[in-house]
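First up is the structure itself, then whatever we jot down about it.
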Amino acid sequence: MTSFSQRNVSTCLSGKGSFAYGIYLGALPVISSNSLAVKILYPIFWGLMTLSTFGNDLAPTSNGIEVIFSIINVLSGLMLFTLLIGNIQVFLHAVLARKRKMQLRFRDMEWWMRRRQLPSRLRQRVRKYERERWAAVTGDEEMEMIKDLPEGLRRDIKRYLCLELVKQVPLFHGMDDLILDNICDRLRPLVFSSGEKVIREGDPVQRMVFILQGKLRSTQPLTKGVVATCMLGAGNFLGDELLSWCLRRPFVDRLPASSATFECVEAAQAFCLDAPDLRFITEHFRYKFANEKLRRTARYYSSNWRTWAAVNIQLAWRRYRARASTDLAAMAAPPLAGGPDDGDRRLRHYAAMFMSLRPHDHLE
């Protein structure tokens, strides 16, 4: 048995001896160290350094296996570097192409507005809408990209994209998969910029809009100087007159008029069902839309029913306070103009007028 002294071992592991370690020279610090951190971290460092430098630090001997291992290291580093450069190039190309597309659209819009001599106020509104729309859709018109695909494939894609959004709308809770598939296939995404009017009072309701993000304000004039206001957020919808129109019997071709004005308070994202699409769904699945649960849900989330209910609740509360008052004679007497009871009298008068405008949903 051959024995080695501690001095000989140190000399051997120092790499200064006569033995040719080749590419394994970097393993000597790991062998000679008793630290667990060095034994774990140093091999990781050696592998990263070798791959990132394409094996420039490797000095193999004439051993065949050692040479093959060095070649594999060099080719692996080169392949990883090529993949990294390729992915960076694809990413930059996509970002620059999207930015270029946005710049071209904005330039064409500016040229058109100058040619048509639009006032500065309208130009600012157009620019604001384009910026918010571009930020919402990131420049990709998804529906335009899939419109030419086969019907079955397009339906599956739209179901994947829209099903979770549709399920967020309380009106569609508990509906069959077949109905949800038909709804998803006919949805259109919408983007509203803050300050824009979505629909005005008296305009024909051409679509039913379901809010996903943002806030809208509904204003409904009751009579001179009295306006009912309601805020709509995620999960609410507008255009419930269209649902009533679709379920009405006998059917009337004329679109219903909006009973309120809806204005976007902050940038909002939504999806909509156009009148023909909503009529198709309600005609083919009328059994699902003519039930008590859906009628209650539609009334609860309808801005028209909420406004009507709020006015009647306020009227009932004022009446209760008046009946609880002991001064019945003073209440029966005509109040002075501008007196404390004048507001109660006017509120009861306006509410009584508004009760005649009770919403009709034709869901009974």
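This chain uses plain numbering: 1 for the first residue, then up along the sequence.
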Test Arg133 against Gln269 for side-chain contact (heavy atoms from CB on, under 4.5 Å), laying out the working first. CA-CA 9 Å; Arg133 188 189 71 86; Gln269 298 183 31; over 6 Å; no
In terms of heavy-atom contacts, Ser218 and Ala260 come closest through OG-CB, 3.5 Å
Treating Thr261 as the side-chain partner and Glu201 as the backbone partner, does any N or O pair qualify as donor plus acceptor under 3.5 Å? yes
Atom pair CG/CG of Leu161 and Leu187 - distance to nearest 0.5 Å: 10.5 Å
Share the residues that join Leu96 in a hydrophobic cluster, the rule being Ile, Leu, Val, Met, Phe, Trp or Tyr side chains under 4.5 Å apart at the heavy-atom level. none
Looking at Lys215 and Ala267, would you say the former's side chain and the latter's main chain have a donor-acceptor pair under 3.5 Å? no
Could you tell me which non-hydrogen atom of Leu242 sits nearest to which non-hydrogen atom of Ala275, and how far apart they are? CD2-CA, 3.7 Å
Show your working on side-chain contact (heavy atoms from CB on, under 4.5 Å) between Leu149 and Ile146 and close with a plain yes or no. CA-CA 5 Å; Leu149 295 177; Ile146 66 175; 3.8 Å; yes
Is there a donor-acceptor pair closer than 3.5 Å between any side-chain N or O of Arg186 and the backbone N or O of Asn182? yes
Between the CG atom in Leu163 and the CG atom in Asp177, the distance rounded to the nearest 0.5 Å is 7.5 Å
Tell me whether the count of non-hydrogen atoms from other residues, nucleotides or ligands lying under 6.0 Å of NZ in Lys197 goes above 12. no
Has the side chain of Trp245 got a donor or acceptor atom that lies under 3.5 Å from a matching backbone atom of Arg254? yes
Does a donor on one side chain and an acceptor on the other come within less than 3.5 Å for Ser259 and Glu241? yes
Kindly indicate, with the supporting measurements, whether the criterion side-chain contact (heavy atoms from CB on, under 4.5 Å) is fulfilled by Leu216 and Val198. CA-CA 9 Å; Leu216 277 72; Val198 179; 3.5 Å; yes
When you measure from the side chain of Ser76 to the backbone N and O of Asn73, does any donor-acceptor pair fall under 3.5 Å? no
Table please: side-chain donor-acceptor pairs of residues 108-117 below 3.5 Å, with sequence neighbours left out.
| residue | atom | partner | partner atom | Å |
| --- | --- | --- | --- | --- |
| Glu110 | OE1 | Arg127 | NH2 | 3.2 |
| Glu110 | OE2 | Arg127 | NE | 2.5 |

Indicate, with yes or no, if the rings of Phe192 and Tyr129 have centres closer together than 6.0 Å. no
Using a strict 4.0 Å threshold on nitrogen-to-oxygen distance, state whether Asp203 and Arg200 make a salt bridge. yes
For the atom pair CD (Glu130) and CE (Met102), what is the distance rounded to the nearest 0.5 Å? 11.0 Å
Taking all non-hydrogen atoms of both residues into account, name the closest pair between Ser194 and Glu266 and its distance. CB-CA, 3.8 Å
Pair Met175, Phe172 - check side-chain contact (heavy atoms from CB on, under 4.5 Å), show working. CA-CA 6 Å; Met175 289 195 173; Phe172 298 142; 3.8 Å; yes
May I ask you to say whether Arg155 pairs ionically with Asp181, meaning some side-chain N is under 4.0 Å from a carboxylate O? no
Give me the ring orientation class for Phe69 and Trp46: parallel if the planes are under 30° apart, tilted from 30 to 60°, perpendicular past 60°. parallel
Here the gap from Leu232 atom CG to Ile211 atom CD1, rounded to the nearest 0.5 Å, amounts to 4.5 Å
Nearest 0.5 Å, please: how far is CD in Glu164 from SG in Cys184? 9.5 Å
Test your reading of the model: is there a side-chain donor-acceptor pair from His284 to the backbone of Phe280, 3.5 Å cut-off? yes
Considering only NZ, NE, NH1 and NH2 on the basic side and carboxylate oxygens on the acidic side, decide whether Arg154 and Asp185 come within less than 4.0 Å. yes
As an exercise, state the distance from CG of Leu278 to CD1 of Ile183, rounded to the nearest 0.5 Å. 8.5 Å
Using a cut-off of 6.0 Å, state whether more than 12 heavy atoms not belonging to Ile88 lie near its atom CD1. yes
Just jot down the salt bridge (Lys or Arg N to Asp or Glu O under 4.0 Å) partners of Arg217, sequence neighbours excluded, or say none. Glu263
